[in-house]
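Just below is one structure, and these are the notes that go with it.
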Amino acid sequence: MRFLATCLIAIRALRRNKLRSVLTGLGIIIGVAAVIAIVSIGNGAKAQVEAQVASLGQNVISIFSGNFTTGGLRGGGGSAGTLSPEDAAAVAREVADVVAVSPEVRDRAQVLANGLNWNTSIIGEGPDYLSIRAWDLIEGGMFTDQDVRSVSKVCIIGKTIVDQLFPDGSPVGQTLRIRNIPFKVVGVLKGKGYNLFGQDQDDVVIVPYTSAMKRVSRRTNLNSILVQASSPDRMEKIQQDITDLLTQRRSGREPDFTVRNQLELAQAATATTKTMTMLLGIVAGVSLVVGGIGVMNIMLVSVTERTREIGIRLSIGAHDSDIRVQFLIEAMILSGIGGAIGVGLGIGISELFSYLNGWNTLIPVWSVLAGLGGSALIGVIFGYFPASKASRLDPIEALRFE
Amino acid sequence: MQPVVKLEDIHRVYDSGEVKVHAVRGISLAINKGEFIAIMGASGSGKSTLMNTLGCLDQPTSGRYLLDGIDVSRLERNQRADIRNQKLGFVFQGFNLLPRTTALENVELPMLYSKERISSREMRDRAMQALEIVGLAKRHDHFPSQLSGGQQQRVAIARSLVNRPQVLLADEPTGNLDTRTSIEVMGVFQKLNDEGITIVMVTHELDIARFCKRNLIVRDGQVVRDETVANRSLAPVEIAKLQAAETAAKLIHHPA
Ligand SMILES: Nc1ncnc2c1ncn2[C@@H]1O[C@H](COP(=O)(O)OP(=O)(O)OP(=O)(O)O)[C@@H](O)[C@H]1O
Ligand SMILES: [Mg+2]
């Protein structure tokens, strides 16, 4: 078959010029590797963000004290607000499909234990807080409603606190002083890592919100209220009901609260990674095209350089199509092999990246297929022009070419 | 017997813009099977143009060319390529071997463009046979850069033979070679011709033309003389003479 013979011819021609072949392939290798690495790193980043969003808890709606816009999701302390424990109780009582509610007070303070001290965030919460945030304890137990009512001096602590203040073993039952007030450690939280905003979620001491208000911070209002909905499709309705209820409870006054759901938070956070991945993807795509133009460039040069060779082939009976197909196959083999090496390199880079960052980079099958197919396609597209140029040469003139 | 090549009033005018060059002006010619022809003439007389026409590399402006009974003067590009592949063999002044390609692969080349399917085994066998004919079977895995000019030209001859052509065409095949290698190449041609292959070649050297059976002189695009070589040179004899002369020269330079 003529086609097989042409393949053989193309392979022989490539073998004759190893250096040129390698250099030609290099552009494609880099392009494909970049595309694959970026796609998989981007995917990994997305998965990471999704995991962090999930770590916020299931179907969580947050009521923040004070007014603020999307840009200020993290919001200020809200100290001017009037969000109160009664508001939380009203939401729990009157809004349908609410599973759990936890009033929240935030503060920072110096804490002491075992002669060591540490500045950390002190959060006052209700007993349902851990279930809302889908957070487990590795030791001890959560404080109870009774603790909330009696303003108990009990706390549960995060992993970082254990590392910093209880270097030698079990902290449960020991005492931790917050602003010099002794609190008994009743539980230790499972490590949760960093949140969407890069904060260490394990660097925390959680106390009953009543204790936080009366003993630690001496205040009467809440920073926020966490509300858990029974299912994702109830969230919007609940959000509206909460807004209505709290507005009604503030009859006549400006609403001084903001209700946000978890999805909005997630969207804000993923939007950034999405944009970054897209931008980098475009850069990688451009480099792939540049690689393709490199293939075309070298193929064009090689048409000139190999004019005599083409003349010889034509003079001993090659058809136009034989020459065209030969150059096309050469270009495709170059970019195909380049693509394959690029895929390998891309996978290697993303594996290395995930190893260094400690998170999973997911290499989607489609990106590998697209890398391989795309590079072969580039071979065809950018190989076609030089190939057809070569095939139109006049044998006599090509032979005379020096 | 029908001639292998029959030219009827062939003209070739190069029309490169303003000037028209009338390179071939009405050549008629019949070449029978088994002939061995040398075309001679001054530079620019139209020898190469004539050879390109004979070789189906170029189309005449007017006239008819019958190769093996087929009118090839009006064929299109790819059909002419097939004729070149199947019925003609080419040997060029500059050898025109593919660089960085072994002698064997160079000789295999025409078979890769054959219409018929040839197995790679058969390709190899036929290429080795052709190399055997020119006495280079042992050097089959050498690259052109590792071969002398005469050896490269013999590889080129092997390549031209491998598809068993009707006519072997050579434009100044000895133009780049010294006397001795030229005679060796002519020896290969004579051997092939003895086996029945028709050969047409261009040469500037009268000595070389005397190895052929028939000489054509071309001037201004026309054949002005067409004669049979009376006292034909034979390669083995000429080689022997050359050797004797060399020995004599040595004796003079290095007296015992
Ligand atoms: N492609 C071309 N375009 C224009 N003119 C050409 C072309 N090829 C050859 N000629 C002209 O045709 C004439 C015959 O050229 P040709 O090459 O056939 O001569 P030649 O007998 O082979 O000469 P030489 O012995 O130097 O090889 C010359 O005047 C040459 O300039
Ligand atoms: Mg010439």
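Numbered from 1 within each chain, the chains take letters A, B, ... in sequence-line order.
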Checklist entry - Is atom CG of B:Asp220 surrounded by more than 12 heavy atoms (other residues, nucleotides or ligands) closer than 6.0 Å? => result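 12 or below, so no.
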
Item to check | CZ (B:Arg219) with more than 12 external heavy atoms under 6.0 Å | outcome: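 Atom CZ in B:Arg219 is not packed in, count stays at 12 or less.
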
Measuring heavy-atom distances to chain A, does [X] have an atom under 4.5 Å in its side chain, in its backbone, in both, or in neither?
{"X": "B:Phe92", "answer": "side chain"}
{"X": "B:Asp58", "answer": "both"}
{"X": "B:Ser114", "answer": "backbone"}
{"X": "B:Arg80", "answer": "neither"}

Checklist entry - Nearest 0.5 Å, what's the CG-OG distance between B:Leu88 and A:Ser315? => result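 That separation rounds to 10.5 Å.
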
Item to check | Closest-packed option against chain A by number of heavy-atom pairs under 4.5 Å, given B:Leu112, B:Asn52, B:Leu97 | outcome: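 Of B:Leu112, B:Asn52, B:Leu97, B:Leu112 has the most heavy-atom pairs under 4.5 Å with chain A.
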
Item to check | NZ/NE/NH1/NH2 to OD/OE distance under 4.0 Å, B:Glu108 and A:Arg12 | outcome: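 A salt bridge links B:Glu108 with A:Arg12.
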
Checklist entry - Does any heavy atom of chain B fall under 4.5 Å from the side chain of A:Glu397, the backbone, both, or neither of them? => result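 For A:Glu397, neither part sits under 4.5 Å from chain B.
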
Item to check | Heavy-atom closest pair, residues A:His319 and B:Ala81 | outcome: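 Smallest heavy-atom distance, with atoms named: CD2-CB, 3.8 Å.
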
Next on the checklist: Give me the atom names and distance for the closest heavy-atom approach of B:Arg77 to A:Pro395.
Outcome noted: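 For B:Arg77 and A:Pro395, the tightest heavy-atom pair comes out as NH1-CD, 4.1 Å.
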
Item to check | Residue-level contacts of residues 305-314 of chain A with chain B, using a heavy-atom cutoff under 4.5 Å | outcome: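 Against chain B, the residues of residues 305-314 of chain A that fall inside the cut-off (heavy atoms, under 4.5 Å) are A:Arg308, A:Glu309, A:Ile312, A:Arg313, A:Leu314.
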
Checklist entry - Out of A:Ile9, A:Asp322, A:Leu8, which one racks up the most heavy-atom pairs below 4.5 Å with chain B? => result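 Looking at each option in turn, the highest pair count goes to A:Ile9.
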
Checklist entry - Between the side chain of B:Asn78 and the main-chain N/O of A:Asp320, is any donor-acceptor distance below 3.5 Å? => result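 Between the backbone of A:Asp320 and the side chain of B:Asn78 there is a qualifying donor-acceptor contact (under 3.5 Å).
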
Item to check | Expected output: side-chain B:Arg84 to main-chain A:Ile316 donor-acceptor under 3.5 Å | outcome: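 Checked: no pair found.
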
Next on the checklist: Does A:Arg15 form a salt bridge (charged side-chain N to carboxylate O under 4.0 Å, His left out) with B:Glu105? I'd like the steps, not just the answer.
Outcome noted: CA-CA 13 Å; A:Arg15 229 181 32 207; B:Glu105 285 184 1; 3.3 Å; yes

